Amino acid sequence: AMGTSNETSAFGNVISPWRRNDGGNAPLAPGGSSGGSSAAISARLCPAATGTDTGGSIRQPAAFTGISGIKPTYGRCSRWGVIAFASSLDQAGPMARDVRDCAIMLEAMSGFDPKDSTSLDLPVPQWEAGLSSNLKGKRVGIPREYRMDGMNAEIAAIWDKGAEWLRDAGAEIVEVSLPHTRYALPAYYIIAPAEASSNLARYDGVRYGQRNLPDGAGLQDMYAATRAAGFGPEVKRRIMIGTYVLSAGFYDAYYTQAQKVRALIARDFAQVWEHCDVLLAPTAPSAAFGLGENSDDPIAMYLNDVFAVPASLAGLPAMSVPGGLDSMGLPLGLQIIGKPLDEQGVLNAGLAIEERAGFTARPERWW
Ligand code: GLN
């Protein structure tokens with residue numbers, strides 16, 4: 001569940017079915033963390049798959065592979081049976097070839113589950129029946145702060161196209177402001193590791209899961225051996241960051257501050273809904289990168305989440321749909337963020353883009 005490249009999977013990384021059109025055969029990341037799902041759908045191995053999205057792991061792999069994926073409102077889909085990464089952010093959702101399949105899947109996956117204390121006890125709307133790409137009377141907000149310095153020109157261009165498509169579907173496009181956007185990524189990379197360190201403390205070799213008991217080991221040795229052998233490097237990095245930001249001397253400086261920032265980000269969104277019904281933004285700051293390209297630089301990897309984490313921190317429904325291909329022939333995703341519980345609004349805007357983008361590209365079969 002960690003990372004945006006799928007390279008931190010305990011089973012080894014998945015390779016994207018896509019290739020750049022430069023004649024090379026460099027293996028690309030299928031996105032992450034749900035890169036197995038995205039690769040399988042885009043290679044037409046299956047019509048749809050599930051993913052979990054803590055800070056973009058449904059949306060970003062969907063964007064990297066030219067498919068659709070929706071993270072519903074926090075609490076819509078049960079987390080029961082999913083190993084917790086950051087419980088206050090984790091949310092399951094569907095990934096599929098198109099918006100309609102996402103709606104069908106989401107309807108089947110949503111609903112109250114008494115086994116998940118954060119599950120919402122609300123009726124599940126008929127999202128598929130409610131699909132409509134007529135956006136007359138709807139306002140689409142373009143968040144000014146997402147247009148960051150040094151933004152990839154192709155991402156900026158597809159974003160502008162997305163706005164045009166939504167205007168063509170009848171929506172009014174308005175520029176809006178989410179002033180605390182720049183603090184979302186740092187806040188996420190405090191809150192998510194903090195919750196991960198707490199959640200993963202239970203994997204100590206005592207109660208369940210792996211146990212490593214070296215000869216003559218005491219209890220502490222068993223904990224250490226089990227955790228050293230059972231967690232991979234990225235998980236260990238996050239546990240260490242999380243333990244640090246939760247430690248007595250630093251708790252207020254990091255964790256409490258991050259929680260305050262989270263509240264401000266949620267408030268930004270709450271205020272923006274007075275001006276628009278959905279938001280349009282890029283899903284990721286780049287097209288798929290090559291496997292290995294970011295793996296020595298965790299910060300570069302974390303930066304790929306910049307557009308995905310604000311909606312996660314606010315618990316909002318958000319979807320990625322393919323917008324087009326970049327000059328390297330790789331898919332670029334557009335993200336729609338909606339009001340709490342307004343998956344229908346998100347799906348409908350996604351459908352309006354899908355109908356106009358005419359995205360029919362598929363990875364060439366090279367394997
Ligand atoms: N890429 C983000 C991270 O590494 C999000 C992962 C996810 O959504 N599971 O934390």
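What you see is a predicted model; the values in this text were computed from it and never measured. Counting starts at 1 for both ligands and their atoms, in listed order. Values below: all heavy atoms of this structure, side chains included; hydrogens, waters and symmetry mates excluded.
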Just the distances, no angles: every ligand 1 N or O to protein N or O pair closer than 3.5 Å, one line each.
unit_1: ligand 1; atom_1: 1 (N); unit_2: Gly3; atom_2: O; d: 3.4
unit_1: ligand 1; atom_1: 1 (N); unit_2: Asp305; atom_2: OD1; d: 2.9
unit_1: ligand 1; atom_1: 1 (N); unit_2: Asp305; atom_2: OD2; d: 3.0
unit_1: ligand 1; atom_1: 4 (O); unit_2: Gly3; atom_2: N; d: 2.7
unit_1: ligand 1; atom_1: 4 (O); unit_2: Tyr189; atom_2: OH; d: 3.2
unit_1: ligand 1; atom_1: 4 (O); unit_2: Arg238; atom_2: NH1; d: 3.4
unit_1: ligand 1; atom_1: 4 (O); unit_2: Arg238; atom_2: NH2; d: 2.6
unit_1: ligand 1; atom_1: 8 (O); unit_2: Thr54; atom_2: N; d: 2.7
unit_1: ligand 1; atom_1: 8 (O); unit_2: Gly55; atom_2: N; d: 2.7
unit_1: ligand 1; atom_1: 8 (O); unit_2: Gly56; atom_2: N; d: 3.4
unit_1: ligand 1; atom_1: 8 (O); unit_2: Ser57; atom_2: N; d: 3.0
unit_1: ligand 1; atom_1: 8 (O); unit_2: Ser57; atom_2: OG; d: 2.7
unit_1: ligand 1; atom_1: 9 (N); unit_2: Ala1; atom_2: O; d: 2.7
unit_1: ligand 1; atom_1: 9 (N); unit_2: Ser57; atom_2: OG; d: 2.8
unit_1: ligand 1; atom_1: 10 (O); unit_2: Tyr188; atom_2: OH; d: 2.6
unit_1: ligand 1; atom_1: 10 (O); unit_2: Arg238; atom_2: NH1; d: 2.8

Pairing of Asp204 and Arg227 as salt bridge, 4.0 angstrom limit: no

ILVMFWY cluster, Met319 and Leu313 together (side-chain gap under 4.5 Å): yes

Lys/Arg-Asp/Glu bridge criterion (N-O < 4.0 Å) met for Arg182, Asp149: no

Side-chain donor/acceptor of Asp326 to backbone N/O of Leu330, under 3.5 Å: yes

Any donor-acceptor N or O pair under 3.5 Å, side chains Asn304, Thr4: no

Salt-bridge present (Glu234, Arg237; N to O < 4.0 Å): yes

